Amino acid sequence: VTERTLQGFRVAPGGSLRGRVRVPGDKSISHRAIMLGSIAEGETTVEGFLEGADALATLAACRAMGVSIEGPDDGWLRIGGVGLHGLRAPAAPLDLGNAGTAMRLFCGLLAGQAFDSVLTGDASLSARPMRRVIEPLTAMGAEIDAEPGGRAPLRIRGGRALRGLDYAMPMASAQVKSCLLLAGLYASGETAVTEPAPSRDHTERMLEAFGCRLRRDGQRVVLGAERRLRATRIVVPGDLSSAAFLIVGACIAAGADLVIEGVGINPTRTGVLDILSLMGADIELRHRREQGAEPVADIHVRSVRLSGITIPERLVPLAIDEFPILFIAAACATGTTVLRGAEELRVKESDRIAVMAEGLVRLGVRAEATADGMVIHGCDLRDDPHAPVFDGGVIDSHGDHRIAMAFAMAALRARAPIRISDTANVATSFPGFDRLVTRAGLGLEVLDEGSGAPA
Ligand code: S3P
């Protein structure tokens, strides 16, 4: 997973998005399904699992700790849960590739094991901050060594007696919250986490589906004494973070009319829909239903004239992965869009503020990066609401899947082709992106960057 192949996209200007599509399974839920299924008692089945590199790294890590997992077969898995204390020492370091969620959640899960373990990742993951989990885990009694600056590889010492902690998180991070709840499964006493603002709650929902008791009180969640996980059946909804590229694409492309089926609409994830609605988007949620522990709907989007807004800060953690594509939407909107309070974007798979500002400016958009957000000056399109707004050009994704997919969608409103380099990591969250968007109407071609020829 850490190898980077030379792959790029060339996207023809114009086109539209039409028809009905289905996006791959939710990445956050797929990671959690493997981890919780592995430490549950009995056989857990999973449907709709994301067969992307990130979730597959989690799957491989659990196998390396002795869990037998059948599949994945078209999103289907059977996990032979080994129980809370059944994991075995891995023979080698666990390589988590590009997956921040895997590293932070495993850190909590492994801090409570009887054996030592080492977590490694690719260059991007090895540059991301891990102190945010190491510090509270250390306060619980864990022993974790990191590289200078609190970076991976992380060496986790086993056989430590963990104590429950009452922790107030300095940032709204579902990864930190989930890490501590997983460590809490192995700790004496109660573990409580308070977040400054709501973040995605898939771990809490899934722990409950496995039979754990949680108490929630506003922004505080407490893991109770019932810690046994009993196997269950998990149906993973389509990933709203992947659907977001198509949703924005259908907002900005002339003549678009697209339905994305079976997408998770957990209210701790739907900030992107709220922000686009404030910008004037025409989005309809149809056939709302519950799928296991998560709400799901079909999302119908039609093209529209968007307006710039000041993004309400309370929506930032609820849309944290969607800002690359929301910046593309803002560039296509009339007036100015302002984002503040989003400094977390600087420590994602890339510095998404710097990398998006660089790309937008390169394509002729007036965008200014700020310490904690961005100001994007949209366009005045009174005559033709879908006139091109982006110049053609070459974009460096910095190996960040969401940057690559965001600029691919920009081509829908470009004057000339957009070429994006370093796109192999799109497979971390959205395998088959190129085929799916091509079928919906985007003129995307995959290139072998070595020669510049189609792959
Ligand atoms: C995730 C939480 C978020 C998000 C990431 C997935 C999760 O990260 O950006 O893509 O699955 O818990 P933070 O917890 O760092 O905000």
Side-chain angles (χ1 to χ4, degrees), residues 9 11-17 244-254 256 271-283 301 303-311 315-316 319 321-340 342 345 350-370 372-398 400 402-420 437 442-444:
F9 292 155
V11 197
S16 189
L17 297 178
F245 298 100
L246 296 153
I247 294 170
V248 170
C251 288
I252 65 174
V272 62
L273 301 179
D274 298 334
I275 292 168
L276 287 171
S277 295
L278 291 171
M279 296 175 80
D282 178 359
I283 299 174
V301 194
S303 56
V304 79
R305 180 197 299 257
L306 295 173
S307 306
I309 58 164
T310 294
I311 296 172
L315 294 178
V316 169
D321 290 338
E322 285 66 73
F323 286 104
I325 189 63
L326 282 168
F327 294 153
I328 299 296
C332 297
T334 314
T336 301
T337 295
V338 180
L339 171 67
R340 295 192 199 93
L345 293 180
S350 69
D351 176 341
R352 287 183 175 159
I353 293 176
V355 172
M356 281 304 300
E358 171 194 299
L360 287 168
V361 168
R362 174 157 299 189
L363 299 184
V365 176
R366 285 197 299 139
E368 293 130 35
T370 61
D372 65 344
M374 182 107 71
V375 179
I376 297 176
H377 304 281
C379 38
D380 184 1
L381 298 167
R382 245 160 298 182
D383 301 332
D384 175 3
H386 296 103
V389 301
F390 300 102
D391 295 336
V394 180
I395 297 291
D396 181 353
S397 79
H398 292 258
D400 185 331
R402 300 204 201 278
I403 303 283
M405 291 186 276
F407 281 110
M409 288 298 161
L412 290 162
R413 292 287 292 281
R415 293 179 191 89
I418 296 179
R419 204 171 145 147
I420 305 152
V437 295
L442 185 72
L444 185 147

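Keep in mind that what you see is a predicted model, and the values were worked out from it rather than measured. FYI, the numbering just counts along the sequence from 1.
- Among all heavy-atom pairs drawn from Met279 and Ala330, the shortest one is CE-CA, 3.8 Å.
- Residues Val11 and Val437 are not in side-chain contact: their nearest non-hydrogen atoms beyond the backbone lie 4.5 Å or more apart.
- Residues Leu345 and Phe327 are in side-chain contact: their nearest non-hydrogen atoms beyond the backbone lie under 4.5 Å apart.
- Between Thr334 and Arg305, the closest side-chain pair of non-hydrogen atoms falls below 4.5 Å.
- Minimum heavy-atom separation, Asp400 to Ser350: OD2-OG, 2.8 Å.
- Annotation for Val389 and Cys332: closest pair CG2-SG, 3.7 Å, computed over non-hydrogen atoms.
- Nearest approach of Met374 to Ala367, heavy atoms of both residues: SD-CB, 4.3 Å.
- The shortest side-chain heavy-atom distance between Val361 and Glu368 does not fall under the 4.5 Å cut-off.
- Between Arg340 and Asp372 there is no salt bridge, since no side-chain N of the basic residue sits under 4.0 Å from a carboxylate O of the acidic one.
- Leu339 places none of its side-chain heavy atoms less than 4.5 Å from the side chain of Thr337.
- Inter-residue side-chain proximity for Leu363 and Arg415 is flagged as unmet; no heavy-atom pair is nearer than 4.5 Å.
- Using modelled atom types, one side-chain atom of Arg413 and one backbone atom of Ala387 make a donor-acceptor pair closer than 3.5 Å.
- Rounded to the nearest 0.5 angstrom, Leu273 CG and Ile247 CD1 are separated by 5.0 Å.
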